[in-house]
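Read the structure below first, then the notes.
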Amino acid sequence: MTMTEPAPAKAERWTAQWKELYEEVIDTGLCTGCAGCVVTCPHEVIGYKHEEKGYKPFHLEEELGLDNCIHGEKGCTTCTRACPRFRAWEPDADMHLFGKLREPEQMFGQYRQLLLVRASEDLVHKSGQDGGFVSAMLIWLIENNYIDAALTSYLEGDGSSWKAVPGLARNRDDVLRGAGSRYTYSANTLAFKQAQEQGLNRLALVGMSCQSSVPPVMWARKAGKVSKGFLFNIGLLCSKTFDDAIFEELFWAKYGLKKEDMVKMNIKGVFQIWMKDGSYHEIDLKECHAWTREGCKTCPDFSAEHADISTGGIGEDNDWTLCVVRTPLGEEVMKRMEAVGAVTTRPAEGDATAMKLLKLLSTVSRRRWPSGAHPAPVVGVPPPKKKTDAAPAPASE
Ligand SMILES: Cc1cc2nc3c(=O)[nH]c(=O)nc-3n(C[C@H](O)[C@H](O)[C@H](O)COP(=O)(O)OP(=O)(O)OC[C@H]3O[C@@H](n4cnc5c(N)ncnc54)[C@H](O)[C@@H]3O)c2cc1C
Ligand code: SF4
Ligand code: SF4
């Protein structure tokens, strides 16, 4: 550098702490409850209740009030570095993962391949919600010693409460026990604490879109050692989750369907419920909207745009998983699994229904992002045209 050349601009120092997180994300309703801030806090002063009326972080120390943090005042900034709704989270994660920003027309984010995938093994396929791909991938990663465990979700106790809870999957049986979808919230990131206690350091995260942006945002903003444990990031397409109260207040109160007697549920345009006595019930999604979880109402990410592979059940065939393969790592895993016959794949572009829904539902979710927040998630989002296009996002698959 000569004396006349200007010095390169220094990156601005990151000073935002819990105070800013509280003001800009929690108090404004942007918080999804992903628990990224909870698991990264090095001082363990962020609490979280994984239950109805909870699913939000709160400060455990009251010295400075619940909206400020004494460690933050002394320079700790970890929570804002981990939050995938804080300021420029979308560009930060995009640049880190892909080295470029999403193009305005890329409603479902950046990707390398669109595939329909199913687990080759019958039991895994049958246990899965759609094609059983997520379970097949977790089993393959564990059995080939790529990971020690996956942070995933289970049903509490014997399953009759239908309460979704985060947990660790360390082997094939664990993975199959957690297979399938529950439509209430499970902050799978919270299982990180169990992994730490058990000395497990090589992890895969399975999570809805809000959770799958946690690792890339942490990596991009250098959130510290917690971020290093996340080796694989598997996303679940998602337009909403429901309050736990939906079981009592709608399914039981109006339809007489006891959760203890439910055996399976799915969302395919309607809420589908299968009961122990063999009966099958459909509930109009419009009726369910009143139980949409608060944290989902401003969420702009349907497609889990920052996962290595995002997975969903939209398409012409119910028993295949739609996979949006986004990163070189995701592509490599898919290729290796295919090579050893763990999964069967075919191109998804030919499935017109899946392609249309993926774009439409991603667009509709982006429209929920409020105008006062960082504008990146709504770049390129067209205004609603027709009535169907403008309707609130259905959790349809
Ligand atoms: C709340 C929710 C909403 C969804 N909404 C859509 C949608 O609108 N459109 C769409 O196409 N796809 C949606 N999906 C994804 C879809 O239901 C399947 O999870 C996906 O296609 C993968 O299917 P699979 O057979 O490969 O997965 P499986 O092999 O069945 O594995 C599913 C994995 O998801 C985990 N999981 C289940 N429930 C939860 C939960 N509540 N929270 C966190 N993790 C969980 C399981 O523990 C398991 O690891 C949603 C999933 C969830 C959980
Ligand atoms: S969005 Fe996630 S990381 Fe951000 S404040 Fe909420 S729980 Fe914490
Ligand atoms: S809509 Fe889905 S991805 Fe978005 S905050 Fe809710 S659970 Fe998370």
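Indexing begins at 1, ligand by ligand and atom by atom, following the structure's order.
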Discussion item. If the cut-off is 4.0 Å to any non-hydrogen atom of R293, which atoms of ligand 3 fall inside it?
Written reply: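 Selected atoms, number and element: 5 (S), 6 (Fe), 7 (S).
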Worksheet item: Which atoms of ligand 3 have any heavy atom of S239 under 4.0 Å away?
Response: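 Atoms satisfying the 4.0 Å criterion: 1 (S).
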N/O to N/O below 3.5 Å, does that happen between [X] and ligand 1?
X    : value
Q129 : yes
Y185 : no
F133 : yes
N188 : yes
G207 : no
S135 : yes
S127 : no
G128 : no
G178 : yes
L138 : no

Tell me which one of [options] gets a heavy atom nearest to [atom].
atom                    : options                : value
atom 40 (C) of ligand 1 : M137, K240, R182, K268 : R182
atom 39 (C) of ligand 1 : P166, A204, S365, S153 : S153
atom 14 (N) of ligand 1 : I267, L236, L237       : L237
atom 16 (C) of ligand 1 : L361, N266, D130, L358 : D130
atom 5 (S) of ligand 2  : T189, L21, T80         : L21

Hey, are [X] and [Y] close enough for a salt bridge, meaning a charged N less than 4.0 Å from a carboxylate O?
X    : Y    : answer
D67  : K19  : no
D92  : R221 : yes
R172 : E121 : yes
E305 : R366 : yes
D122 : K126 : yes
D243 : R293 : no
E197 : K193 : no

Fill in: Protein residue, atom and distance nearest to atom 8 (Fe) of ligand 2, heavy-atom basis
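In this structure, atom 8 (Fe) of ligand 2 has C37 SG, 2.3 Å as its nearest protein heavy atom.
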Item to complete: Measure the distance from atom 4 (Fe) of ligand 2 to every protein heavy atom, then report the residue, atom name and distance (to 0.1 Å) of the closest one.
Response: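 Among all protein heavy atoms, the one nearest atom 4 (Fe) of ligand 2 is C83 SG, 2.4 Å.
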Worksheet item: Should T184 be listed as contacting ligand 1, given a heavy-atom distance under 4.0 Å as the test?
Response: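 In this structure, T184 qualifies as a contact of ligand 1 - some heavy atom is under 4.0 Å.
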Worksheet entry | Protein N/O/S count near atom 8 (Fe) of ligand 3 (criterion: distance under 2.8 Å) |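 Counting protein N, O and S atoms closer than 2.8 Å to atom 8 (Fe) of ligand 3 gives 1.
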Worksheet item: Considering the options H59, E20, E73, which one meets the side chain to side chain donor-acceptor pair (under 3.5 Å) requirement together with N68?
Response: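 The residue from H59, E20, E73 that satisfies side chain to side chain donor-acceptor pair (under 3.5 Å) with N68 turns out to be E73.
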Item to complete: Enumerate the atoms of ligand 2 whose separation from the nearest heavy atom of A35 is less than 4.0 angstrom.
Response: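 Once the distances to A35 are compared, the set is 2 (Fe), 7 (S).
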Discussion item. Need the ligand 2 atom indices (1-based, order shown) with element for anything under 4.0 Å from a heavy-atom of C31.
Written reply: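 Answer, ordered by atom number: 1 (S), 5 (S), 6 (Fe), 7 (S).
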Look only at the side chain of [X] and the backbone of [Y], and say whether a donor-acceptor pair between them is shorter than 3.5 Å.
X    : Y    : answer
K56  : K49  : no
S279 : M275 : no
S160 : E260 : no
D351 : E316 : yes

Worksheet item: Just heavy atoms, cut-off under 4.0 Å: does P57 contact ligand 2 by side chain, backbone, both, or neither?
Response: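 Answer for P57: side chain.
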Practice prompt. Please determine which of M337, E331, K335, R336 meets the side chain to side chain contact (heavy atoms under 4.5 Å, CB included) test together with V333.
Written response: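 In the set M337, E331, K335, R336, the residue that makes a side chain to side chain contact (heavy atoms under 4.5 Å, CB included) with V333 is M337.
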Discussion item. Consider side chain to side chain contact (heavy atoms under 4.5 Å, CB included). Of T344, V325, V343, D130, which one does V117 pass it with?
Written reply: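 Of the listed options, the one satisfying the test is V343.
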Suppose I only count heavy atoms of [X] and a 4.0 Å limit; which atoms of ligand 1 are within that range?
X    : answer
G313 : 10 (C), 11 (O), 12 (N), 21 (O)
I314 : 11 (O)
S181 : 16 (C), 17 (O), 18 (C), 19 (O), 37 (C), 38 (N), 51 (C)
S186 : 40 (C), 42 (N), 43 (C)
F302 : 7 (C), 8 (O), 9 (N)
G131 : 25 (O)
T241 : 1 (C)

Practice prompt. Would you mind telling me if ligand 3 is within reach of the side chain of R368, the backbone, both or neither, using heavy atoms under 4.0 Å?
Written response: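 Under 4.0 Å from ligand 3, R368 contributes side-chain atoms alone.
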Does the separation of the ring centres of [X] and [Y] fall below 6.0 angstrom?
X    : Y    : result
F230 : F192 : yes
W140 : Y146 : yes
H374 : W89  : no
Y255 : H281 : no
W291 : F242 : no

Worksheet item: Below 4.0 Å from any atom of ligand 2, is there a heavy atom belonging to P84?
Response: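 Yes, P84 has heavy atoms under 4.0 Å from ligand 2.
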Worksheet item: What residues form a side chain to side chain contact (heavy atoms under 4.5 Å, CB included) with S371, not counting sequence neighbours?
Response: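 Partners of S371 under the side chain to side chain contact (heavy atoms under 4.5 Å, CB included) test: none.
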Fill in: V134 and ligand 1 - part of the residue with a heavy-atom distance under 4.0 Å
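Looking at V134 and ligand 1, atoms from backbone and side chain both fall under 4.0 Å.
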Practice prompt. Would you mind telling me if ligand 1 is within reach of the side chain of Q211, the backbone, both or neither, using heavy atoms under 4.0 Å?
Written response: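 No part of Q211 is near ligand 1 at this cut-off.
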Discussion item. Is it the case that over 12 heavy atoms from other parts of the model lie below 6.0 angstrom from the NZ atom of K222?
Written reply: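 Check fails, neighbour count at 12 or below.
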Worksheet item: Rounded to the nearest 0.5 Å, how far does SG of C238 lie from CG of D301?
Response: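 D301 CG to C238 SG: 9.0 Å, rounded to 0.5 Å.
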Practice prompt. Could you check whether the rings of Y55 and Y48 sit parallel, tilted or perpendicular, using 30° and 60° as the cut-offs?
Written response: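 Perpendicular: the ring planes of Y55 and Y48 meet at over 60°.
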